[in-house]
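A short write-up of the structure that comes next.
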Amino acid sequence: MTPPQSRTHSLEVVDLQLGYGDREVIESLDLVIPPGRMTAIVGPNACGKSTLLRSMSRLLAPKRGQVLLDGEQVHRLPAKEVARTLGLLPQSPIAPEGITVADLVGRGRHPHQSIFSRWSKDDDIAVAAALQATETVDLADRPVDELSGGQRQRVWIAMSLAQQTDLLLLDEPTTFLDVSHQVEVLDLLTDLNRVRGTTVVMVLHDLNMAARYADHLIALSDGRLHAAGPPDQVLTVDMIRTVFGLESRVIVDPTSGQPLMLPMGRHHRNDSSTDRPADVASSERWAPSPSTRGEDDRRGH
Amino acid sequence: MEVLEAVTDDRIDRRVDAIAESVARSRARRSVRRRVVIALLGVSVIVVFAITLMVGNTFYSPSEVVRVILGHEVDGATFTVGRLRLPRGVLAVAAGACFGFGGVTFQTMLRNPLASPDIIGITSGAGAAAAFAIVMLSLSETQVSIFAIAAGLGVALLVYTLSFKDGVAGTRLILIGIGIAAMLNSVTAYVLSQAAEWDLQQATRWLAGSLNGSTWSDTVPVLVAMTVLVPVLLIQARNLTMTQLGDDTAGALGVRVERTRIIAIVAAVGLIAFATAACGPIAFVAFLSGPIAARIVGTTGSLLIPSALVGALLVQVADLCGQFAFDTRYPVGVITGVLGAPYLIYLIVRTNRAGGSL
């Protein structure tokens with residue numbers, strides 16, 4: 001792979017407090033996003049992951065503290081300027097009825113255009129490169145409504161690629177996708193990181209996917225930072241117990257060397273855990289996503 | 001070049017130019033289609049406008065009409081064309097465009113064809129206020145317009161506030177708006193029933209919308225409002241189109257969503273209110289224009305101008321039909337109402353079938 005080409009930008013969060021109205025979501029948070037790397041944010045439902053991404057991309061003003069992009073407060077920078085450096089793909093973006101793939105991807109060019117400078121050659125090249133990278137070239141003239149979930153998610157990522165930002169934040173880019181499409185999307189983001197040096201920050205529900213694909217893992221719990229660091233230091237039995245209230249085993253993933261978490265629900269705890277060999281067969285079993293657990297469930301622990 | 005630097009992988013580099021060309025070609029194709037459709041709509045508006053000036057109880061030739069417009073005295077035509085047909089024809093185009101602009105602005109912003117100002121009570125508010133101002137307070141045209149715009153903005157604010165709970169959900173806003181529209185329509189009916197000089201002309205104007213008896217004093221305020229508010233709205237066109245992707249997506253692409261929304265609401269309500277003060281709430285024009293425009297121009301680019309042209313054309317054609325297609329003369333709002341109601345039913349049935357909410 002070629003070394004990262006694009007300029008690296010720094011993104012950090014200092015003493016950040018976030019909330020909606022009186023409701024506090026993030027109490028106090030300090031974070032540094034490693035430039036040029038893949039970072040995954042994990043944590044139970046309603047722990048403030050999406051809120052954090054919204055604030056890092058200037059959509060939600062902090063109640064206290066700062067989000068610093070290259071040392072400058074992101075909320076004081078012009079919206080379009082931020083949008084040329086930092087992109088965000090929200091959890092459920094909306095495709096206008098009847099819009100074609102090429103048009104939707106073209107909307108990613110908005111921060112590079114103004115009322116006076118309309119569509120240019122650069123825009124076409126950016127759209128083409130985005131379609132190419134996401135293997136959606138053949139879909140270009142199709143209406144987005146007609147695509148499958150996996151195709152649609154690739155199109156949305158293509159739109160974010162067309163934005164050509166050096167930092168890309170994604171809120172649960174793999175939710176609602178089957179396993180092969182999840183892998184496809186994460187492979188694509190890894191390509192982007194390795195080929196272009198794009199700093200990728202993604203909220204993921206699947207801890208094992210997060211551990212496998214991220215260089216840096218951030219575990220949030222109840223609006224606070226629980227742990228941050230390389231996956232093998234963060235994805236531990238203790239962390240899963242404290243943050244998710246779930247018993248589990250963590251073994252070494254034979255395909256990636258990263259930690260692999262095996263959840264143990266009430267029905268699987270009776271076996272003494274030493275009886276269960278950490279062989280390939282069990283590690284290849286698909287771990288249920290903790291996303292189905294409700295918030296109340298978690299509080300019960 | 002930044003763009004080319006970013007694409008370093010050889011495998012990507014080779015094909016990107018070819019893809020870019022094909023992307024550019026289909027984009028050009030869509031934009032040609034868009035321009036052709038807009039041009040055809042524009043020409044249709046002009047042709048129908050010319051017809052409305054020539055046709056009536058007496059037919060006047062194009063040359064007579066042109067001479068009247070240029071200010072020459074033509075026997076009979078100066079009065080009929082200059083005083084009756086011209087203000088009526090201009091108001092039809094202007095009001096139709098206002099409804100088209102206002103309707104598609106709300107529909108785009110709230111991402112729902114049902115969220116048009118004539119469904120969610122804004123037109124009803126402006127109409128009730130105008131009827132009240134004219135019938136009960138006997139105010140002048142300008143005062144009536146100000147009254148109507150204040151009421152329109154007031155209703156917009158009221159509907160927005162009532163439907164606000166952790167952000168505004170489209171469905172809640174639409175249902176609350178429908179309720180408020182019903183209340184305001186009964187206010188209009190009450191005002192009309194209290195009117196000293198109750199006459200059918202007034203009643204049809206404020207209940208369904210009518211161009212009967214339009215004069216320049218009705219038409220001019222609408223034109224003035226348009227020269228101010230249409231540019232304001234058009235500057236927001238691209239941002240407005242971007243908000244279709246959802247507030248967060250648009251915001252992340254550099255759109256200042258709240259600012260765009262406030263400017264667009266004020267401009268759209270202003271246009272709707274001025275038009276309503278002049279000719280009443282012409283039924284369903286705001287509601288129909290946007291979806292028709294979307295159907296014929298596609299989703300490339302902003303729908304503001306296509307929708308305004310469709311609105312103008314709808315009002316013109318409906319008014320012509322109302323005047324001449326039947327034995328009795330019907331006000332324009334009756335005709336557009338007959339056109340709009342089936343579409344409303346279709347939309348509700350379709351969303352029900354899809355198992356979705358409004």
Side-chain angles (χ1 to χ4, degrees), chain A residues 1-2 5-6 20-21 54 57-59 78-84 86-100 102-111 113 115 119 121-122 124-129 131-133 137 140-141 143 156 159-160 163-164 169 171 191 195-196, chain B residues 1-31 108 111-113 166-167 234-239 241-257 259-260 291 294-295 298-301 303:
Chain A
M1 283 287 172
T2 36
Q5 298 280 310
S6 54
Y20 303 96
R54 293 189 71 225
S57 44
R58 198 192 173 278
L59 297 178
K80 273 199 172 176
E81 192 181 317
V82 174
R84 285 192 289 265
L86 187 153
L88 167 75
L89 185 59
Q91 203 173 335
S92 40
I94 302 158
E97 216 179 311
I99 195 169
T100 63
D103 271 345
L104 186 65
V105 174
R107 300 250 176 130
R109 299 301 295 163
H110 183 79
Q113 298 165 336
I115 316 179
W119 200 260
K121 183 83 183 133
D122 281 0
D124 281 328
I125 292 173
V127 170
L131 293 172
Q132 165 89 354
V137 176
D141 291 323
W156 282 113
M159 189 197 76
S160 294
Q163 197 178 344
Q164 293 188 320
L169 317 186
D171 195 354
D191 286 343
V195 177
R196 298 193 191 173
Chain B
M1 243 175 36
E2 192 187 334
V3 174
L4 292 177
E5 264 172 31
V7 186
T8 50
D9 203 344
D10 282 351
R11 180 172 49 92
I12 295 175
D13 240 358
R14 247 183 296 124
R15 276 194 62 205
V16 147
D17 279 341
I19 301 166
E21 256 172 53
S22 114
V23 166
R25 263 199 310 277
S26 26
R27 170 166 288 279
R29 207 170 48 233
R30 279 194 297 273
S31 102
T108 306
R111 300 169 208 113
N112 194 322
D166 292 340
L234 288 180
I235 288 173
Q236 295 300 321
R238 266 165 54 81
N239 288 338
T241 311
M242 293 297 290
T243 61
Q244 288 177 319
L245 304 176
D247 289 0
D248 279 1
T249 317
L253 286 166
V255 177
R256 291 158 74 188
V257 177
R259 186 170 164 272
T260 301
R295 189 58 59 85
T299 39
T300 306
L303 284 176

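These values consider heavy atoms only, across backbone and side chains, with no hydrogens, waters or symmetry-generated copies. In what follows, every chain begins at residue 1, and chains take the letters A, B, ... in the order their sequences are listed.
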With a cut-off of 3.5 Å and sequence neighbours excluded, list every side-chain donor-acceptor pair involving residues 242-255 of chain B.
{"unit_1": "B:T243", "atom_1": "OG1", "unit_2": "B:L240", "atom_2": "O", "d": "2.6"}
{"unit_1": "B:Q244", "atom_1": "OE1", "unit_2": "A:R107", "atom_2": "NH1", "d": "3.2"}
{"unit_1": "B:Q244", "atom_1": "OE1", "unit_2": "A:R107", "atom_2": "NH2", "d": "3.3"}
{"unit_1": "B:D247", "atom_1": "OD1", "unit_2": "B:R111", "atom_2": "NH2", "d": "2.8"}
{"unit_1": "B:D247", "atom_1": "OD1", "unit_2": "B:R261", "atom_2": "NH2", "d": "2.9"}
{"unit_1": "B:D247", "atom_1": "OD2", "unit_2": "B:R261", "atom_2": "NH2", "d": "2.9"}
{"unit_1": "B:D248", "atom_1": "OD1", "unit_2": "A:R54", "atom_2": "NE", "d": "3.2"}
{"unit_1": "B:D248", "atom_1": "OD1", "unit_2": "A:R54", "atom_2": "NH2", "d": "3.0"}
{"unit_1": "B:D248", "atom_1": "OD2", "unit_2": "A:R54", "atom_2": "NE", "d": "2.9"}
{"unit_1": "B:T249", "atom_1": "OG1", "unit_2": "B:L245", "atom_2": "O", "d": "3.2"}

Of the listed A:P78, A:P90, A:A83, the one with the largest count of heavy-atom pairs under 4.5 Å with chain B is A:P90
Below 4.5 Å from any heavy atom of chain B, which atoms of A:V82 appear? Answer side chain, backbone, both or neither. neither
Any salt bridge between B:R25 and A:D141, counting N to O under 4.0 Å? no
Contacting moiety of B:R295, where chain A heavy atoms sit under 4.5 Å: neither
Counting heavy-atom pairs under 4.5 angstrom with chain B, the leader among A:D103, A:L88, A:V137 is A:D103
As an exercise: rank A:A102, A:P93, A:S57 by heavy-atom pairs under 4.5 Å with chain B and give me the winner. A:P93
Contact winner vs chain B - A:A79, A:G98, A:G21, heavy-atom pairs under 4.5 Å: A:A79
Please flag which part of B:T108 lies under 4.5 Å from any non-hydrogen atom of chain A: side chain, backbone, both or neither. neither
Taking only residues two or more places apart in sequence or in another chain, which ones pass side chain to side chain donor-acceptor pair (under 3.5 Å) with A:Q91? A:E172
If I take atom CD1 from residue A:I125 and atom CG from residue B:D17, how far apart are they, to the nearest 0.5 angstrom? 5.5 Å
At a 4.5 Å cut-off on heavy atoms, which part of A:L104 comes close to chain B: side chain, backbone, both, or neither? side chain
Heavy atoms only, distances under 4.5 angstrom: which of A:E81, A:R58, A:E97 has the most pairs with chain B? Name it, please. A:E97
Which atoms of A:I99 are under 4.5 Å from chain B, going by heavy atoms: the side chain, the backbone, both sets, or neither? both
Determine the minimum heavy-atom distance between A:G106 and B:R27, stating which atoms define it. CA-NH2, 4.4 Å
